[in-house]
Amino acid sequence: NKQLRQLNLFADDMKKSANWYLDNISDSQITYFYQDGNDVSSLRVQFEKKNWMHLTGVAPVYSNWVDTLSESFIDDVAKGHGEFANLSMGRGAMEKLQVLPMLPEILETDSFVFDDLSSVQKFQRLDAQQAIRTDNEQLILAFKMEGDALHPATLLKPSKKLNITLDKLNQEKTILGVIIEKDSQVKVHRVNDKYIKDGGAEMKAIVEKKQFEELDHVKANTPDFKWVVEFNETSSEAISIPNLKGQELTKDLLETLKQ
């Protein structure tokens, strides 16, 4: 079987990923704090043990009944037990497996948050509202609501077209810190020390006390960007300068300023 032969090429990567997932984020709540304009916002994601299988795009067929297919699968892969009656591969499974070793990058502060994907058709079909994209633009982990919590929805190796679409949204948001709640412990996993100067202590306290209404008090040393437009007068005619307050910086607007 060609598919199974190709799948065996990823066996080691799958085993490493399964163990990393179980050790680090299985049955955890991860909070991403990120810069949202002049404010600080948070994205809270529930990572359950069962979610890993869906990120691989691979599903097993067991000879005997198992209580929870997805949880049995990650346990077996982590232990190197690869004897299944069959394996089915969903659409895009090979692309998912290619980027699966990069999954830990979703916990790094040089990745970016996209917190409104409602206008992107691909994510509409997946019913995904938010996502994390890695700095190298080679991996996207998208999230969707299940009940009252966000969960991982799909792992993608984005095409050039999808990356361009996301870039045009102009909503790539800087991650300030990543806080993990696992096994009744809250820990600061990563802090963007370019902006956060207390080692993440304030963000950790917010998660511990679940006081997310206190986000306004998180101090992020982000620069205040301003436009500087220089008008060079070339004639004695009066120059009319329009009121551009609140305008988005676009190619058309720059052309207006040039004129």
Might you work through the side chain to side chain contact (heavy atoms under 4.5 Å, CB included) test for F33 and I196, ending with a clear yes or no? CA-CA 11 Å; F33 290 90; I196 301 298; over 6 Å; no
Could you check D76 against F84 for side chain to side chain contact (heavy atoms under 4.5 Å, CB included), going step by step and ending with a plain yes or no? CA-CA 10 Å; D76 286 337; F84 305 102; 4.0 Å; yes
Step by step, work out the side chain to side chain contact (heavy atoms under 4.5 Å, CB included) result for V191 and D198. CA-CA 9 Å; V191 169; D198 68 350; 5.8 Å; no
R133 vs D167, test: salt bridge (Lys or Arg N to Asp or Glu O under 4.0 Å). Steps then yes/no. CA-CA 11 Å; R133 182 173 70 175; D167 290 341; 2.8 Å; yes
The test is side chain to side chain contact (heavy atoms under 4.5 Å, CB included); show your working for K187 and I179 and say whether it passes. CA-CA 6 Å; K187 71 172 184 176; I179 311 297; over 6 Å; no
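Every residue meeting the side chain to side chain donor-acceptor pair (under 3.5 Å) condition with N136, not counting sequence neighbours, appears here in chain and number order: T134.
Residues D36 and V113 have side chains not in contact (no heavy-atom distance under 4.5 Å, counting atoms from C-beta outward). Using a 4.5 Å cut-off on side-chain heavy atoms (C-beta onward), V178 and I30 make contact. A heavy-atom distance below 4.5 Å is not found between the side chains of T56 and F10. Contact of the F114 side chain with the I140 side chain is not registered, since no non-hydrogen atoms from C-beta on lie closer than 4.5 Å. Contact annotation: the side chain of M53 never approaches that of I74 to less than 4.5 Å [non-hydrogen atoms, C-beta and beyond]. The shortest distance between side-chain heavy atoms of Q129 and L150 falls below 4.5 Å. Residues R125 and K122 form a side-chain contact, since some pair of their non-hydrogen atoms from C-beta on lies under 4.5 Å apart. Looking at D75 and K49, their side chains come closer than 4.5 Å, going by heavy atoms from C-beta outward.
Residue pairs meeting the side chain to side chain donor-acceptor pair (under 3.5 Å) criterion with at least one partner in residues 144-155, sequence neighbours excluded, are E48-H151, K96-T154. Counting only residues at least two apart or on different chains, the side chain to side chain donor-acceptor pair (under 3.5 Å) pairs with a member in residues 7-21 are S17-W52.
In terms of modelled atom types and a separation under 3.5 Å, the side chain of S111 and the main chain of E105 share a donor-acceptor contact. With K197 contributing its side chain and D193 its backbone, the two residues share a donor-acceptor pair below 3.5 Å. In this structure, the side chain of K182 engages the main chain of S26 through a donor-acceptor pair within 3.5 Å.
Taking CD1 of I132 as the reference point, atom CD1 of I175 lies at 4.5 Å (rounded to 0.5 Å). How far OH of Y34 is from OG1 of T174: 12.0 Å, rounded to the nearest 0.5 Å. In this structure, the separation between NE2 on H81 and CZ on F73 is 13.5 Å, given to the nearest 0.5 Å. Distance check: F47 CZ to I25 CD1 gives 4.5 Å after rounding to the nearest 0.5 Å. For the atom pair CZ (F112) and OH (Y32), the distance works out to 14.0 Å, reported to the nearest 0.5 Å. Taken from CD in E137 to CD1 in I164, the straight-line distance is 9.5 Å, to the nearest 0.5 Å.
Of the options Q138, Q98, E95, a side-chain hydrogen bond (donor to acceptor under 3.5 Å, both in side chains) to K157 is made by Q98 and by none of the others.
A salt bridge does not link D116 to K173: none of the charged side-chain nitrogens sits closer than 4.0 Å to a carboxylate oxygen.
Of all the heavy atoms in V186 and E181, the pair that sits closest is CG2-CG, 3.8 Å. Across every non-hydrogen atom of G200 and V188, the tightest pair is O-CG2, 3.8 Å. Between N24 and I180, the shortest heavy-atom distance links the atoms O-CG2, 4.3 Å. Among all heavy-atom pairs drawn from G57 and A93, the shortest one is O-CB, 3.6 Å. The nearest pair of heavy atoms linking G147 to M145 is O-CE, 3.8 Å. Among all heavy-atom pairs drawn from P152 and L141, the shortest one is CB-CD1, 4.3 Å.
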